[in-house]
Amino acid sequence: MLPDEWAVATRDLKAKTLLPVYHSKFALANHPWDEPLEVLYSQKESLGSRLLYPMIGEKVFLKNENQEFTRWW
């Protein structure tokens, strides 16, 4: 799924939280390594859902709606 499709799927499913995986870890495509997360982050306000973007290895507490993440990329 592409970042634009993540946003659409999240809205269609009325998901409360979006935790994207398999992104921004390695340069494996013809775009910059951080582009997928950068695009999704730019759509964060219009998602209508909580976007989780933990640093690689960071613990995520799914039930803690106040947990904040640092933009690490």
Side-chain angles (χ1 to χ4, degrees):
M1 221 182 250
L2 299 172
D4 291 334
E5 295 171 323
W6 295 343
V8 171
T10 300
R11 282 191 289 270
D12 289 350
L13 293 169
K14 297 180 178 131
K16 294 178 183 177
T17 304
L18 172 60
L19 175 61
V21 295
Y22 301 114
H23 62 81
S24 307
K25 310 303 191 273
F26 306 97
L28 298 176
N30 292 327
H31 56 71
W33 69 271
D34 60 347
E35 184 177 312
L37 195 51
E38 193 65 46
V39 170
L40 189 57
Y41 186 83
S42 72
Q43 299 173 354
K44 184 174 127 172
E45 299 304 320
S46 65
L47 276 176
S49 300
R50 182 171 173 230
L51 174 61
L52 307 181
Y53 45 93
M55 188 180 303
I56 297 169
E58 182 176 358
K59 288 183 181 181
V60 176
F61 300 98
L62 297 175
K63 293 183 180 181
N64 181 356
E65 294 183 12
N66 297 316
Q67 183 178 9
E68 295 185 15
F69 300 96
T70 302
R71 187 174 168 177
W72 56 269
W73 61 97

Exercise. Side chain to side chain contact (heavy atoms under 4.5 Å, CB included) with T17: which residues, sequence neighbours excluded?
Worked result: R50, L52

Exercise. Could you state the interatomic distance from CG (L37) to CH2 (W72), rounded to the nearest 0.5 Å?
Worked result: 6.0 Å

Problem set entry | Contacts of F69 that satisfy ring-ring contact (aromatic ring centres under 6.0 Å, His included) - sequence neighbours left out | Y53

Seminar exercise, completed: Applying side chain to side chain donor-acceptor pair (under 3.5 Å) to Q43 and not counting sequence neighbours gives D4

Exercise. What are the two closest heavy atoms between E58 and E68, and how far apart are they?
Worked result: OE2-O, 4.3 Å

Could you pull out every donor-acceptor pair under 3.5 Å between side chains of residues 59-66 and any protein atom, sequence neighbours left out?
unit_1 : atom_1 : unit_2 : atom_2 : d
N64    : OD1    : N66    : N      : 2.9
N64    : OD1    : Q67    : N      : 3.3

For this session: Using modelled atom types only, decide if a donor and an acceptor are shared between the side chain of S49 and the backbone of L18 within a distance under 3.5 Å.
Result: no

Exercise. Any link between L13 and L51 through a network of hydrophobic side chains (Ile, Leu, Val, Met, Phe, Trp, Tyr) touching at under 4.5 Å?
Worked result: no

For this session: Enumerate the residue pairs fulfilling side-chain hydrogen bond (donor to acceptor under 3.5 Å, both in side chains) with a member in residues 5-16, sequence neighbours excluded, ordered by first and then second residue.
Result: none

Problem set entry | Same apolar cluster (I L V M F W Y, side chains within < 4.5 Å links), L19/L40 | yes

Exercise. Any side-chain heavy atom of E38 sitting closer than 4.5 Å to one from H31?
Worked result: no

